Q: 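Below: one structure in structure tokens.
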Number of protein chains: 2
Amino acid sequence: MYEKKIPKDFSCGMAVLMEIIGGKWKSYLLFLIGKGVRRPSELHRQVPAATKRVLNLQLKELEFHGIIGKDIYPELPPRVEYFLTDFGQSLMPVINAMDNWGSGYVGEFRQLMERKSELSGIHN
Amino acid sequence: MYEKKIPKDFSCGMAVLMEIIGGKWKSYLLFLIGKGVRRPSELHRQVPAATKRVLNLQLKELEFHGIIGKDIYPELPPRVEYFLTDFGQSLMPVINAMDNWGSGYVGEFRQLMERKSELSGIHN
DNA sequence: CCGGGAGGGGATAAAATTATCCCTACCCGA
DNA sequence: TCGGGTAGGGATAATTTTATCCCCTCCCGG
């Protein structure tokens with residue numbers, strides 16, 4: 001979490017929610033943790049596009065807001081498990097609604113994106 | 001909309017939705033347009049913290065994804081009205097769910113944020 | 001004793017997003 | 001004719017978010 005110089009205002013609940021789950025990988029992480037993927041290394045394997053480092057940062061922010069919790073087992077090799085707090089659970093219906101809506105649109109979305117990159121001559 | 005050099009993957013619906021409504025002011029804009037605020041100048045008055053310029057950019061992106069539409073009346077002085085498309089309407093339940101959840105958390109959220117800035121010695 | 005896997009993070013670079021500044025054009029009322 | 005309101009956008013700076021790179025500890029199996 002970096003210091004922000006320009007204050008955001010959170011007069012609308014959406015903005016608050018966005019602040020909490022708006023990171024690039026937070027959606028995946030919540031989704032996976034919600035599905036029962038708990039250990040950091042496992043999460044990383046599921047989202048190999050992101051670095052361990054980055055995932056840790058995002059997990060920390062989710063933890064900061066009390067969405068997820070972290071059990072640290074003093075074992076060797078070290079074992080850590082993330083889980084949804086009750087508060088996080090209360091978020092799941094919203095997450096699911098978001099995901100459902102999004103899933104219905106992925107198709108068109110991809111087409112739009114392709115058209116856009118054709119226009120600009122960029123092909124990822 | 002700027003060119004992105006690092007491709008994002010949209011394997012989960014949430015990520016798609018985030019791409020669409022994830023801008024700093026898009027939440028407000030959708031909320032306001034949903035409530036019947038239609039004209040650009042009016043929107044700007046409701047969100048004075050953002051510049052005209054920035055709002056225009058975000059509106060364009062919403063329009064690009066087909067969430068909102070734009071009626072341009074060839075009058076003088078010029079008149080423009082934004083509106084939710086059917087597709088945009090289908091998003092409103094989700095938006096509302098998000099907003100409700102967020103609103104319930106604003107209080108604690110503000111406290112968290114204050115504690116954070118106390119720690120770092122920053123007072124906006 | 002080396003490699004790999006578990007966990008974690010500092011320093012810094014790159015990319016993406018927002019902000020700022022200023023300019024366009026038009027019309028109206030004082 | 002000047003100030004204000006309508007709408008829009010180019011160029012560039014500042015801020016914020018992500019990525020990259022390399023480092024740490026510990027243990028186990030070959």
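In what follows, chains carry the letters A, B, and so on, assigned in the order in which the sequence lines appear, proteins first and then strands, with residues in each chain numbered from 1. The shown structure was predicted, so the numbers you read here are calculated from the model rather than taken from an experiment.
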Q: Name the closest nucleotide to the B:Pro77 side chain, picking from D:dG5, D:dT18, D:dT20.
A: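 Taking heavy atoms from C-beta onward, the closest nucleotide is D:dG5.
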Q: Between A:Lys52 (NZ) and C:dG9 (P), how many Å, whole number?
A: 10 Å
Q: Return the nearest nucleotide to the side chain of A:Pro40; candidates are C:dG7, D:dG8, D:dT6.
A: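 Minimum distance to the A:Pro40 side chain belongs to C:dG7.
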Q: Over how many whole Å does the gap from B:Arg79 atom CZ to D:dG5 atom P extend?
A: 19 Å
Q: Which part of the nucleic acid, if any, lies within contact of B:Ser41, taking any heavy atom under 4.0 Å across all strands shown: a base, the sugar-phosphate backbone alone, or nothing?
A: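 Sugar-phosphate contact only.
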Q: Using the side-chain heavy atoms of A:Val80, tell me which of these nucleotides is nearest: D:dT20, C:dT20, C:dG8.
A: C:dG8
Q: Kindly say whether B:Gly66 contributes a backbone atom to a donor-acceptor pair with the side chain of B:Thr85 at under 3.5 angstrom?
A: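 Between the backbone of B:Gly66 and the side chain of B:Thr85 there is a qualifying donor-acceptor contact (under 3.5 Å).
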Q: Please report the distance, rounded to the nearest Å, between CZ in B:Arg45 and P in D:dG5.
A: 8 Å
Q: Nearest to the side chain of A:Pro78 - C:dG7, C:dT17, D:dT17?
A: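 Closest of the options to the side chain of A:Pro78: C:dG7.
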Q: Rounded to the nearest angstrom, tell me the gap between atom CG in B:Leu57 and atom P in C:dA16.
A: 16 Å
Q: Going by salt bridge (charged side-chain N to carboxylate O under 4.0 Å, His left out), name the pairs with one or both residues in residues 24-41 of chain A, residues two or more places apart or in two chains.
A: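 Listed once each, the pairs are A:Lys26-A:Glu61.
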Q: Between D:dT18 atom P and A:Lys24 atom NZ, what is the distance in whole Å?
A: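 It is 8 Å, rounded to the nearest whole Å.
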Q: Send over the distance from B:Glu63 CD to D:dG9 C1', rounded to a whole Å.
A: 15 Å
Q: What nucleotide among C:dG9, C:dG7, C:dT17 has an atom nearest to a side-chain atom of A:Lys60?
A: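 The answer is C:dG9.
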Q: For the side chain of A:Lys70, starting at C-beta, report the closest nucleotide among C:dA6, D:dG5, C:dG8.
A: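 Output: C:dG8.
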Q: Write down the distance between NZ (B:Lys8) and C1' (C:dA14), rounded to a whole number of angstrom.
A: 15 Å
Q: Could you please name the option among D:dA19, D:dG8, C:dT18 that lies closest to any side-chain atom of B:Val54?
A: C:dT18
Q: Would you classify B:Arg39 as touching base, sugar-phosphate or nothing, given that sugar-phosphate means primed atoms plus P, OP1 and OP2, and contacts are heavy atoms under 4.0 Å?
A: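 Counting heavy atoms under 4.0 Å across all strands, the contact made by B:Arg39 is with sugar-phosphate only.
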Q: Just checking B:Gln58: base, sugar-phosphate only, or nothing, at a heavy-atom cut-off of under 4.0 Å?
A: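 Answer is sugar-phosphate: B:Gln58 comes under 4.0 Å of backbone atoms only.
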Q: Classify the ring geometry of A:Phe87 against B:Tyr105: parallel below 30°, tilted from 30° to 60°, perpendicular beyond 60°.
A: tilted
